[in-house]
Student: 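Right, I'll just put the structure down here and ask away after.
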Protein chains: 2
Amino acid sequence: MTGQEPQWLTDREQRAWQAYRRMFLLLNAQISRDLQHDSKLSDPDYDVLSNLGAAPDRRRRVSELADRMLWSRSRLSHHLARMEQRGLVVREGVATDGRGAVVALTDQGMRTLDAAAPAHVASVRRHFIDLLSPAQLDVLAELGETVVERLASGPTSAPGTD
Amino acid sequence: MTGQEPQWLTDREQRAWQAYRRMFLLLNAQISRDLQHDSKLSDPDYDVLSNLGAAPDRRRRVSELADRMLWSRSRLSHHLARMEQRGLVVREGVATDGRGAVVALTDQGMRTLDAAAPAHVASVRRHFIDLLSPAQLDVLAELGETVVERLASGPTSAPGTD
DNA sequence: TCCAAGTGATTGACGTGTCATCTATGTCCC
DNA sequence: GGGACATAGATGACACGTCAATCACTTGGA
């Protein structure tokens with residue numbers, strides 16, 4: 001079965017897709033910029049800090065952190081190296097498994113997070129949350145969860161293409 | 001006026017924000033991967049190609065292209081350099097303004113775009129569009145446009161903070 | 001016991017994006 | 001004409017993310 005005419009996007013679909021992409025582009029850039037200016041942190045820096053800050057003992061197994069954040073291990077490893085360099089986190093070995101590692105927030109990391117959080121939340125509000133109605137927020141949440149659920153489980157390629 | 005307690009996100013807001021971020025993370029990764037595997041193109045490559053492909057003479061002023069794509073000039077300049085290297089586009093001078101430049105799609109660029117488009121659209125459909133209802137698409141479009149409109153006009157920082 | 005396979009995590013190379021800076025040209029106005 | 005200033009675009013340094021390869025350790029047989 002070849003030569004199937006591709007299913008181009010309808011105007012409605014095109015509009016949604018384009019709006020979504022443009023929103024991400026600008027929103028992400030603006031929020032990153034704010035964070036950088038207010039707190040000298042990148043977006044990924046903040047993600048790591050806040051995730052560790054919320055952890056039981058301010059520390060997590062590296063893989064667990066990666067899974068939780070939906071990051072690749074490689075990405076996390078690279079990023080932790082940079083953050084460790086700056087004194088925001090430390091890596092510790094783990095007794096029960098010689099291969100494993102645990103990342104912990106340093107005091108400086110904790111202070112940095114505390115100092116950054118209010119301005120960051122304000123930025124997210126200002127550029128995003130406060131512009132939307134509760135109904136819009138709910139639709140977005142649902143829609144996002146639908147897409148994530150599909151992607152997180154089966155990252156397979158085109159079904160029926162094999 | 002100091003010490004204002006930060007306006008943390010409510011559960012509902014948190015849910016939307018998190019769903020949005022996770023969706024972007026996975027969706028973008030998956031679509032990029034598909035594009036890379038199917039057509040040896042990165043996401044930005046495709047964006048540039050398709051924008052030029054839709055242009056009147058398959059060519060545009062560099063700044064106009066940047067504005068249209070909401071890219072910084074620097075980003076576009078870097079990316080065009082890489083794409084020119086690969087023979088997908090060419091840069092030409094412009095007679096009316098000695099500073100200006102025009103980018104044009106090469107034949108190879110055009111062929112690459114034509115070859116990539118069907119699979120890319122299919123990928124977008126599979127991982128995103130087809131998972132959503134028309135109502136969800138409309139809400140997303142509206143919401144995205146609201147956010148973009150605000151950001152595209154006044155990229156100012158916190159009002160009342162000065 | 002010893003080795004093959006699996007798993008946790010890191011590394012290197014490379015493409016990408018940002019900011020700050022720079023070059024070249026155009027514009028305004030004295 | 002000749003600055004001052006703006007604009008178009010390119011560039012260098014650096015942070016980030018991906019993939020593939022690698023290292024170190026663990027596990028599960030034979």
Side-chain angles (χ1 to χ4, degrees), chain A residues 24-37 39-48 59-86 88-104 155, chain B residues 24-37 39-48 59-86 88-104 155:
Chain A
F24 176 80
L25 200 60
L26 291 184
L27 183 56
N28 184 57
Q30 187 59 52
I31 290 180
S32 293
R33 234 182 333 262
D34 285 352
L35 194 51
Q36 184 66 45
H37 286 162
S39 316
K40 311 298 181 210
L41 291 174
S42 70
D43 221 57
D45 289 338
Y46 186 87
D47 290 347
V48 171
R59 73 194 61 227
R60 278 196 207 287
R61 261 311 263 278
V62 171
S63 326
E64 191 207 331
L65 184 56
D67 290 345
R68 201 176 272 270
M69 302 181 68
L70 302 180
W71 281 21
S72 74
R73 279 122 213 279
S74 167
R75 177 183 182 182
L76 182 55
S77 190
H78 279 300
H79 208 85
L80 290 179
R82 290 185 290 256
M83 293 182 73
E84 189 165 23
Q85 199 81 19
R86 295 194 281 150
L88 296 171
V89 301
V90 273
R91 280 187 263 210
E92 307 166 345
V94 46
T96 60
D97 188 333
R99 297 164 299 182
V102 164
V103 227
Chain B
F24 176 81
L25 199 62
L26 292 184
L27 183 56
N28 185 55
Q30 187 59 52
I31 290 180
S32 292
R33 236 184 327 266
D34 285 353
L35 195 51
Q36 184 66 46
H37 286 162
S39 316
K40 311 298 182 210
L41 291 174
S42 70
D43 220 56
D45 289 339
Y46 186 87
D47 290 347
V48 171
R59 71 194 60 226
R60 279 196 207 285
R61 260 312 262 279
V62 170
S63 327
E64 191 207 329
L65 184 57
D67 291 346
R68 201 175 270 271
M69 300 181 70
L70 302 180
W71 280 21
S72 73
R73 278 121 214 278
S74 168
R75 176 182 183 183
L76 183 55
S77 191
H78 278 300
H79 208 85
L80 290 179
R82 293 184 289 256
M83 292 183 73
E84 188 165 24
Q85 200 80 20
R86 294 194 281 151
L88 296 172
V89 301
V90 273
R91 280 189 263 210
E92 308 165 346
V94 47
T96 61
D97 188 334
R99 297 164 302 182
V102 164
V103 226

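Throughout, protein chains are lettered first and strands after them, A, B, ... in sequence-line order, and every chain is numbered starting at 1.
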Student: What are the two closest heavy atoms between Glu92(A) and Ala104(A), and how far apart are they?
Tutor: OE2-CB, 3.8 Å
Student: Taking NE2 from His79(B) and C1' from dA10(D), how many angstroms apart are they, rounded to a whole number?
Tutor: 16 Å
Student: What does Arg91(B) touch in the nucleic acid at a heavy-atom separation under 4.0 angstrom: a base, only the sugar-phosphate, or nothing?
Tutor: sugar-phosphate
Student: Applying side chain to side chain contact (heavy atoms under 4.5 Å, CB included) between Arg59(B) and each of Val102(B), Val103(B), Leu65(B), report the one that passes.
Tutor: Val102(B)
Student: Distance check needed: dA15(D) C1' versus Gln85(A) CD, whole Å only.
Tutor: 13 Å
Student: Set out, line by line, the N/O atom pairs under 3.5 Å between protein and nucleotides 21-27 of chain D.
Tutor:
from, atom 1, to, atom 2, distance (Å)
dT26(D), OP1, Gly98(A), N, 3.0

Student: Can you tell whether the side chains of Arg73(A) and Asp67(A) come within less than 4.0 Å, N to carboxylate O?
Tutor: yes
Student: Tell me the interatomic distance from Asp43(A), atom CG, to dT18(C), atom C1', rounded to whole angstroms.
Tutor: 13 Å
Student: How long is the line joining CZ of Arg82(B) and P of dG12(D), in whole Å?
Tutor: 14 Å
Student: For the residue pair Val48(B) and Trp71(B), what are the closest heavy atoms and their distance?
Tutor: CG2-CH2, 3.8 Å
Student: Can you see which heavy atom on Ala101(A) is nearest to which on Arg61(A), and at what distance?
Tutor: O-CD, 3.1 Å
Student: CG of Leu65(A) versus P of dT10(C): gap in Å, rounded?
Tutor: 11 Å
Student: For residues Leu80(B) and Arg91(B), report the shortest heavy-atom separation together with the two atoms involved.
Tutor: C-NH2, 3.9 Å
Student: Take Asp43(B) and Arg33(B), measure what side-chain contact (heavy atoms from CB on, under 4.5 Å) needs, and give me the verdict at the end.
Tutor: CA-CA 9 Å; Asp43(B) 220 56; Arg33(B) 236 184 327 266; over 6 Å; no
Student: Under 3.5 Å, which N/O atoms of the protein pair with N/O atoms of nucleotides 19-22 of chain C?
Tutor:
from, atom 1, to, atom 2, distance (Å)
dC19(C), N4, Ser74(B), OG, 2.7

Student: So, are Asp45(B) and Arg82(B) salt-bridged, with charged N and O less than 4.0 Å apart?
Tutor: no
Student: Across the strands shown, which category fits Ser42(A) at heavy-atom distances under 4.0 angstrom: base, sugar-phosphate, nothing?
Tutor: sugar-phosphate
Student: Between atom CD1 in Ile31(B) and atom C1' in dT18(D), what is the gap in whole Å?
Tutor: 17 Å
Student: What integer distance in Å separates Lys40(B):NZ from dT16(C):C1'?
Tutor: 18 Å
Student: Heavy atoms from C-beta onward define the side chain here; which of dA8(D), dG8(C), dT16(C) lies closest to that of Arg61(B)?
Tutor: dA8(D)
Student: If each of Arg86(A) and Leu80(B) is mapped to the nucleotide of DNA chain D with the nearest heavy atom, which maps nearer the 5' terminus, i.e. the 5' end?
Tutor: Leu80(B)
Student: CE of Met83(B) versus C1' of dA10(D): gap in Å, rounded?
Tutor: 17 Å
Student: Mind running side-chain contact (heavy atoms from CB on, under 4.5 Å) on Met69(A) and Arg75(A) for me, showing each step along the way?
Tutor: CA-CA 11 Å; Met69(A) 302 181 68; Arg75(A) 177 183 182 182; over 6 Å; no
Student: Can you tell me if the side-chain N/O atoms of Arg73(B) get under 4.0 Å from OP1 or OP2 in dA8(D)?
Tutor: yes
